[in-house]
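Below is one structure, written out as structure tokens; the observations come after it.
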There are 2 protein chains.
Amino acid sequence: MTETEQTPDLARAKTAVWKSIAISLTDDIAQGCYEQGSKLPSEAKLSARFGVNRHTVRRALAEMAEQGLVHARRGSGVFVAARPTEYPIGKRVRFHQNISRGGQVPAKRILMLETRAASATEAEALQIAAGDPVHVYDGLSLADEHPIAVFQSIFPAGPLPGLLHALEERQSVTAALAACGVADYTRQETRLTAKLATATQALHLQISEGAPILRSTGVNGTVDGKPIEFGKTWFAGDRVTLTLGAQDI
Amino acid sequence: MTETEQTPDLARAKTAVWKSIAISLTDDIAQGCYEQGSKLPSEAKLSARFGVNRHTVRRALAEMAEQGLVHARRGSGVFVAARPTEYPIGKRVRFHQNISRGGQVPAKRILMLETRAASATEAEALQIAAGDPVHVYDGLSLADEHPIAVFQSIFPAGPLPGLLHALEERQSVTAALAACGVADYTRQETRLTAKLATATQALHLQISEGAPILRSTGVNGTVDGKPIEFGKTWFAGDRVTLTLGAQDI
DNA sequence: TTCTAATATTTGTCTAGTTGTATAGGCCAA
DNA sequence: TTGGCCTATACAACTAGACAAATATTAGAA
């Protein structure tokens with residue numbers, strides 16, 4: 001059915017079909033036909049709509065993905081991406097505070113809560129014995145619906161029996177700890193390094209595997225120096241800048 | 001044969017998500033998070049943690065079951081059968097650089113010294129006019145004969161006429177500045193983020209292009225708040241972690 | 001308390017839809 | 001001839017949902 005049905009003036013313009021499709025779809029997004037985060041029609045449907053092969057549509061979508069307009073997820077679909085904005089993380093440890101201060105809407109999403117045995121490094125950080133039970137809080141940090149970081153917080157289960165339940169109700173770690181009797185806690189040490197995103201980290205952060213990741217590990221403790229939380233955070237390096245003020249150093 | 005003249009990031013190996021999950025869980029077992037005979041989180045929980053469909057988790061668990069690491073019991077759960085026999089130990093970072101010390105490192109090597117016009121961003125950081133002369137100090141930081149960072153320090157040439165000469169004699173920035181009449185200076189702000197190594201950075205740091213880099217940019221100023229140095233440092237992410245003490249945060 | 005039944009949870013299996021990748025070939029212009 | 005563009009096919013990887021089968025948990029009755 002193909003049979004070069006192109007109009008004669010198209011031969012003169014020499015616009016590649018895939019490019020015109022990209023323009024058309026980009027226009028649709030700009031017009032608001034597809035909102036941020038919503039799914040585009042599948043490649044099969046789009047190829048039917050434009051009357052071309054699926055690969056031609058893919059060429060157009062690849063171009064749009066490279067410009068950061070859309071974001072594809074295998075098996076799921078192609079979604080309209082929110083433009084990634086570089087995000088400054090302030091000196092404060094409390095995630096909620098420094099994000100709301102910057103005017104962006106902070107959010108946390110629980111990925112998994114569990115209680116399991118502590119590994120050797122976790123035990124050392126929390127000053128407990130390896131194999132002792134710990135609560136694990138895997139989560140995702142978002143700013144304006146945009147994933148900023150994945151994190152894992154580990155708490156000693158012994159002194160905090162009801163923590164997981166408290167975390168389920170309140171999203172905030174600080175509030176959950178307060179409900180378990182930990183009034184205040186401070187960060188004792190933080191370590192920063194750069195890593196490459198693994199495949200699963202890349203999925204969560206909507207970046208590509210091998211993208212730069214800013215990894216932060218730290219221990220929070222009670223006022224009397226007892227470690228209460230061992231946290232790791234992986235920030236999307238191309239979205240986050242950690243800022244330290246003058247008095248911090 | 002194909003169009004392999006693409007971007008170099010094509011060289012990045014794409015790990016299947018299920019394989020990445022299998023590695024992660026195997027790691028957890030090796031670390032002792034899940035002891036022999038204990039139950040793993042349910043497939044539903046794991047799929048939430050990794051942000052994937054349950055079938056993808058099942059693919060990972062199937063792989064691990066085939067290796068004899070776990071065994072599943074319908075209606076009950078997946079249990080740890082054995083610890084991985086041969087497990088690759090993750091490479092430890094070699095150096096812990098304390099950022100409180102203002103980026104001081106054991107040894108430095110001068111790569112280039114020059115005086116040129118300031119760019120717009122450099123001028124803004126140093127609070128001078130764009131095009132004003134600045135001294136540029138490109139260097140390499142080493143520890144234990146291993147390169148750990150490349151850096152670039154930019155100084156306003158106006159108030160520091162003899163700085164380059166002083167830097168050539170003494171390696172230390174502090175000593176050179178002291179020789180130019182700057183007795184003391186403090187860090188005013190530091191920004192940290194993760195990047196990928198460029199070709200030249202990779203060459204200097206003896207890492208591969210695309211390796212993770214921890215980038216630190218900061219401004220040092222005199223006691224009266226006048227900016228005196230605009231510095232950028234690129235740390236090799238797999239060799240260096242920055243440590244922030246409790247008082248730094 | 002103990003047993004039973006109902007309910008919930010968990011793994012196993014199936015079908016279907018979607019994107020990613022590889023291969024092969026035709027057409028056309030430089 | 002080469003390279004860009006488009007078509008065509010096949011398969012892999014992942015998602016989505018549904019249901020079955022085995023087990024665990026809980027509530028209620030004896």
Side-chain angles (χ1 to χ4, degrees), chain A residues 1-8 10-23 25 38-66 70-81 112-114 198-200 202-204 206 208-210, chain B residues 1-6 9-23 25 38-66 70-81:
Chain A
M1 41 177 68
T2 62
E3 303 308 320
T4 66
E5 214 174 327
Q6 289 121 342
T7 55
L10 196 97
R12 192 190 156 99
K14 288 192 169 83
T15 315
V17 179
W18 65 263
K19 196 164 278 192
S20 72
I21 291 175
I23 291 172
L25 287 176
S38 67
K39 187 160 115 52
L40 293 186
S42 72
E43 292 174 353
K45 283 186 179 173
L46 286 176
S47 63
R49 163 180 160 189
F50 290 108
V52 297
N53 188 271
R54 186 181 144 224
H55 287 80
T56 310
V57 172
R58 283 181 59 75
R59 182 76 163 85
L61 291 173
E63 174 85 1
M64 294 166 70
E66 194 151 325
V70 296
H71 169 260
R73 176 154 189 182
R74 178 188 300 206
S76 189
V78 180
F79 300 85
V80 182
M112 188 174 77
L113 295 172
E114 68 165 331
T198 66
T200 49
L203 265 179
H204 277 134
Q206 293 178 13
S208 56
E209 182 182 358
Chain B
M1 314 306 176
T2 61
E3 30 186 329
T4 47
E5 46 86 29
Q6 285 283 36
D9 57 35
L10 198 87
R12 275 206 285 275
K14 281 207 170 177
T15 319
V17 179
W18 65 264
K19 196 166 281 189
S20 166
I21 292 173
I23 291 172
L25 289 176
S38 68
K39 189 162 105 63
L40 291 186
S42 71
E43 295 174 350
K45 277 192 172 185
L46 287 176
S47 64
R49 165 178 164 190
F50 291 109
V52 299
N53 189 270
R54 187 181 141 224
H55 290 84
T56 310
V57 171
R58 284 180 60 75
R59 179 72 177 87
L61 291 173
E63 175 84 0
M64 294 169 69
E66 195 157 318
V70 297
H71 67 88
R73 265 178 48 202
R74 178 190 290 202
S76 184
V78 180
F79 299 86
V80 179

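All chains are named by letter (A, B, ...) in the order of the sequence lines, taking the proteins before the strands, and each is independently numbered beginning at 1.
With a 4.5 Å cut-off on side-chain heavy atoms, B/Thr15 and A/Glu209 count as touching.
The side-chain contact (heavy atoms from CB on, under 4.5 Å) test applied to B/Ala44 returns B/Ser42, not counting sequence neighbours. Considering only residues two or more places apart in sequence or on other chains, A/Thr198 meets the side-chain contact (heavy atoms from CB on, under 4.5 Å) condition with A/Thr200, A/Gln201, B/Ser20. With sequence neighbours excluded, the residues satisfying side chain to side chain donor-acceptor pair (under 3.5 Å) with B/Glu43 are B/Arg54, B/Arg58. In terms of the side-chain contact (heavy atoms from CB on, under 4.5 Å) criterion, residue partners of A/Leu113 (sequence neighbours excluded) are, by chain and number, A/Ile110, A/Tyr137, A/Leu164, A/Leu167, A/Glu168. Scored by the side-chain contact (heavy atoms from CB on, under 4.5 Å) test, B/Arg73 finds B/Ser76, B/Phe79 as partners (sequence neighbours excluded).
Residue B/Lys14 has no polar side-chain atom (N or O) positioned under 4.0 Å from OP1 or OP2 of D/dA13.
Distance, B/Asn53 CG to D/dA12 C1': 16 Å, rounded to whole Å. Counting to the nearest Å, the P atom of D/dA13 and the CH2 atom of B/Trp18 are 7 Å from each other. Atom CZ in B/Arg59 sits about 16 Å away from atom C1' in D/dT15, given to the nearest Å. Taking atom CD on A/Glu63 and atom P on D/dG4, their separation rounds to 15 Å, with Å as the unit. Taking atom CZ of B/Phe79 as the reference point, atom P of D/dT23 lies 11 Å away to the nearest angstrom.
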Atom pairs, N/O to N/O, protein against nucleotides 11-17 of chain C, distance under 3.5 Å?
| from | atom 1 | to | atom 2 | distance (Å) |
| --- | --- | --- | --- | --- |
| C/dT11 | OP2 | B/Glu43 | N | 2.9 |
| C/dT11 | O4' | B/Gly75 | N | 3.3 |
| C/dG12 | OP2 | B/Arg58 | NH1 | 3.0 |
| C/dG12 | O4' | B/Arg74 | NE | 3.2 |
| C/dG12 | O4' | B/Arg74 | NH2 | 3.1 |
| C/dG12 | N7 | B/Arg54 | NH2 | 2.7 |
| C/dG12 | O6 | B/Arg54 | NH1 | 3.3 |
| C/dC14 | N4 | B/His55 | NE2 | 2.7 |
| C/dG17 | N2 | A/Gly75 | O | 3.2 |

